[in-house]
2 protein chains.
Amino acid sequence: MVSQQIDRQIAARLAASGIRYTSGRRRVVGVLAAADGPRSAAELHDDLGRKVPLSSLYRSLSVLTDAGVLAPHHGSGRIVRYELAEWLMGHHHHLVCADCGAVDDVELPEPWESALAVLVSEATAPQGFIAASHTLEIGGLCPGCLNPEQGTRSKGAGIG
Amino acid sequence: MVSQQIDRQIAARLAASGIRYTSGRRRVVGVLAAADGPRSAAELHDDLGRKVPLSSLYRSLSVLTDAGVLAPHHGSGRIVRYELAEWLMGHHHHLVCADCGAVDDVELPEPWESALAVLVSEATAPQGFIAASHTLEIGGLCPGCLNPEQGTRSKGAGIG
DNA sequence: TTCCTTGCAAACGATTTGCATTGGA
DNA sequence: TCCAATGCAAATCGTTTGCAAGGAA
């Protein structure tokens with residue numbers, strides 16, 4: 001269930017680049033908008049009922065990433081997970097479960113986030129590096145893996 | 001050139017697990033200790049003069065990672081880069097060049113690092129996630145890609 | 001001698017690509 | 001109509017693994 005606003009923003013962005021916002025691409029965006037963290041091609045494939053061939057899925061992901069609609073996340077393992085870009089989702093960080101590999105999003109309280117941005121610029125400047133973005137990758141154990149017995153995880157994530 | 005201390009620590013750790021610290025493994029550690037950031041199998045292969053077969057390299061990386069001597073970094077692209085674990089290198093963060101893909105290490109000034117650790121624990125707790133580690137992945141442009149003409153980069157990194 | 005390691009080659013699995021077909025502006 | 005998008009199948013490429021030979025304790 002993509003919010004009308006996000007859908008409009010994406011449609012506009014794609015239109016500006018002459019890229020079609022097809023039903024297949026809308027479905028991918030829909031799943032990602034509903035997800036609570038980045039999703040891999042395989043996870044999306046499942047979420048979409050395995051009807052869309054993987055190659056098409058990969059192509060959609062590639063096009064949407066190039067258009068700046070999706071942001072790839074190279075988390076744990078050798079798979080790439082995608083999520084809506086920050087200009088759509090808002091700035092956030094990642095919780096990576098060391099056990100199941102699932103990735104969730106977190107936001108930091110605002111005063112800290114601003115301070116962090118400044119800190120990042122200042123700390124990297126001495127090395128001659130110009131910082132443009134940052135994400136905190138937080139490792140640990142997700143609730144689902146901490147309490148395995150308390151019902152199945154509703155997230156559908158964690159392919160591991 | 002591995003510092004004697006680090007070499008001793010690794011030797012002790014491996015010995016404790018009944019794992020041999022062979023010359024091949026020492027060479028891998030040597031290159032990583034001299035590097036200024038995580039290195040991929042292909043990069044190490046080059047650094048070692050392409051004499052060690054890739055499969056052996058991968059096996060060394062696997063053994064050393066399982067032993068807790070190396071830490072894998074799933075940065076950009078589909079490749080995995082390795083570096084000495086934090087108990088050997090000290091806690092640090094990563095500068096990832098958006099252009100060439102090279103990864104360098106950075107440390108944050110201490111008062112901030114402590115505050116960040118607390119912040120991370122507090123911010124993740126509400127989601128029921130237990131944080132165990134964190135790394136700031138900072139994206140941007142490295143000096144080499146900012147000033148392409150000023151001599152070749154001495155890092156040897158950046159395979160892209 | 002007895003395992004652990006190393007090499008080589010084949011196997012794997014995630015992702016990409018060539019090419020013909022389908023579909024939307 | 002016409003070019004972008006899609007499907008299928010084959011190709012890539014980083015990484016893993018089976019198996020026999022080499023080495024260190």
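Below, read A as the first sequence line, B as the second, and so on, with proteins coming before strands; counting in each chain starts at 1. Heavy atoms only: backbone and side chains are in, while hydrogens, waters and symmetry mates are out. Owing to the predicted nature of the structure, the values given are computational and were not obtained by experimental measurement.
- Taken from CD in B:Glu137 to CG in B:Leu95, the straight-line distance is 9.5 Å, to the nearest 0.5 Å.
- Residues A:Glu83 and A:His92 have side chains that bring a donor and an acceptor to within less than 3.5 angstrom of each other.
- Counting to the nearest Å, the P atom of D:dG14 and the CD atom of B:Glu43 are 12 Å from each other.
- Rounded to a whole Å, the CG atom of A:Leu61 is 13 Å from the C1' atom of C:dA14.
- Using a 3.5 Å distance cut-off with no hydrogens or angles, the side chains of B:Ser23 and B:Arg27 do pair a donor with an acceptor.
- When the side-chain nitrogen and oxygen atoms of B:Tyr58 are compared with OP1 and OP2 of D:dT16, none of them lie within a distance under 4.0 Å.
- Nearest heavy atoms, A:Gly101 versus A:Arg81: O-NH2, 3.3 Å.
- The shortest side-chain heavy-atom distance between B:His91 and B:Glu113 falls under the 4.5 Å cut-off.
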Return the polar atom pairs (N/O with N/O) between nucleotides 7-13 of chain D and the protein under 3.5 Å, or none.
{"unit_1": "D:dG7", "atom_1": "OP2", "unit_2": "A:Ser56", "atom_2": "OG", "d": "2.6"}
{"unit_1": "D:dG7", "atom_1": "O6", "unit_2": "A:Arg59", "atom_2": "NH2", "d": "2.8"}
{"unit_1": "D:dC8", "atom_1": "N4", "unit_2": "A:Ser55", "atom_2": "OG", "d": "3.4"}
{"unit_1": "D:dC8", "atom_1": "N4", "unit_2": "A:Arg59", "atom_2": "NH2", "d": "3.2"}

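- When rounded to the nearest whole Å, the span between OH of B:Tyr21 and C1' of D:dG23 equals 18 Å.
- Checked options B:Ile19, B:Ile10, B:Leu32; the residue passing with B:Val69 is B:Ile10 (criterion: side-chain contact (heavy atoms from CB on, under 4.5 Å)).
- Heavy atoms of A:Val80 sit under 4.0 angstrom from primed sugar atoms or phosphate atoms, though from no base atom.
- Contacts of A:Leu54 with the nucleic acid, taken as non-hydrogen atoms under 4.0 Å apart, are absent.
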